[in-house]
Amino acid sequence: MDITAKYCHKEMEAYGSCVASNPSTWQHTCHKLKMDVAQCTSSHPVIQKIRQDCSKQFVEFERCLRENADTPASCSPQVARFLSCAETVDLSGVAINPMPSPS
């Protein structure tokens, strides 16, 4: 989430504002903004590099969330391993500026 917030701040902020402003209809009303966040996170070079280099840890974290949907806090060790890996990824040579939002 910190990675997403760092590189897709504008998209996250718009989505968060929409959700807060539409408490009963946010799932429908904010769908496009949710897709904008997903597009940003899937296309940003830094996030792609982290997902590539830490894919094993990310898969383990996702599996834990699926298996423990009612108790996501039980996946703290998996998320800690993923974040630890993400911090060690060599980003030299990767464009690290936030991407402009598609028009």
Side-chain angles (χ1 to χ4, degrees):
M1 198 59 145
D2 291 342
I3 297 163
T4 301
K6 183 173 183 178
Y7 297 107
C8 300
H9 176 76
K10 187 173 125 181
E11 292 83 354
M12 288 285 292
E13 196 141 294
Y15 178 60
S17 293
C18 182
V19 170
S21 300
N22 300 283
S24 59
T25 62
W26 68 270
Q27 289 180 323
H28 174 72
T29 306
C30 307
H31 182 74
K32 183 194 178 309
L33 295 171
K34 180 181 178 183
M35 293 295 103
D36 290 346
V37 172
Q39 173 63 33
C40 179
T41 60
S42 65
S43 63
H44 197 284
V46 169
I47 296 172
Q48 287 178 341
K49 176 79 169 140
I50 291 169
R51 281 190 172 172
Q52 175 186 333
D53 290 7
C54 301
S55 63
K56 178 178 179 266
Q57 293 85 346
F58 189 73
V59 167
E60 289 172 359
F61 171 56
E62 282 189 320
R63 182 182 313 122
C64 181
L65 286 177
R66 277 193 309 275
E67 293 171 358
N68 300 284
D70 295 337
T71 56
S74 66
C75 298
S76 293
Q78 289 83 353
V79 76
R81 282 192 290 273
F82 171 68
L83 293 174
S84 177
C85 177
E87 290 175 7
T88 66
V89 171
D90 180 8
L91 297 175
S92 60
V94 177
I96 60 173
N97 293 329
M99 291 182 67
S101 295
S103 302

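Predicted model only: the values in this text are computed from it and were never measured.
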Under 3.5 Å donor-acceptor, Ser21 side chain and Cys18 backbone
no
Taking every non-hydrogen atom, the tightest pair across Val37 and Tyr15:
CG2-CB, 4.0 Å
When you compare the side chain of Cys54 with that of Val89, does any pair of heavy atoms fall below 4.5 Å?
yes
So does Ala14 get a backbone contact from the side chain of Ser17, meaning a donor-acceptor N/O pair under 3.5 Å?
no
Looking at CE of Met12 and NZ of Lys34, how far apart are the two atoms once the value is rounded to the nearest 0.5 Å?
12.0 Å
Any link between Leu83 and Val59 through a network of hydrophobic side chains (Ile, Leu, Val, Met, Phe, Trp, Tyr) touching at under 4.5 Å?
no
If you look only at pairs with a residue in residues 47-59, which of them pass as a side-chain hydrogen bond (donor to acceptor under 3.5 Å, both in side chains), with sequence neighbours excluded?
Lys49-Asp53, Lys56-Glu60
Under the side-chain hydrogen bond (donor to acceptor under 3.5 Å, both in side chains) test, residues paired with Thr25 that sit two or more places apart:
Thr29
Show the nearest heavy-atom pair for residues Phe82 and Ile50, with the distance to one decimal.
CZ-CG2, 3.9 Å
side-chain hydrogen bond (donor to acceptor under 3.5 Å, both in side chains) filter on Glu13, not counting sequence neighbours, yields His9
Once you round to the nearest 0.5 Å, how far does CZ of Phe61 lie from SG of Cys85?
13.5 Å
Where Leu65 and Cys75 come nearest, the two heavy atoms and their spacing:
N-SG, 3.5 Å
Determine the minimum heavy-atom distance between Cys30 and Val19, stating which atoms define it.
SG-N, 3.5 Å
Keeping Ser84 on the side-chain end and Ala80 on the backbone end, is there a donor-acceptor pair under 3.5 Å?
no
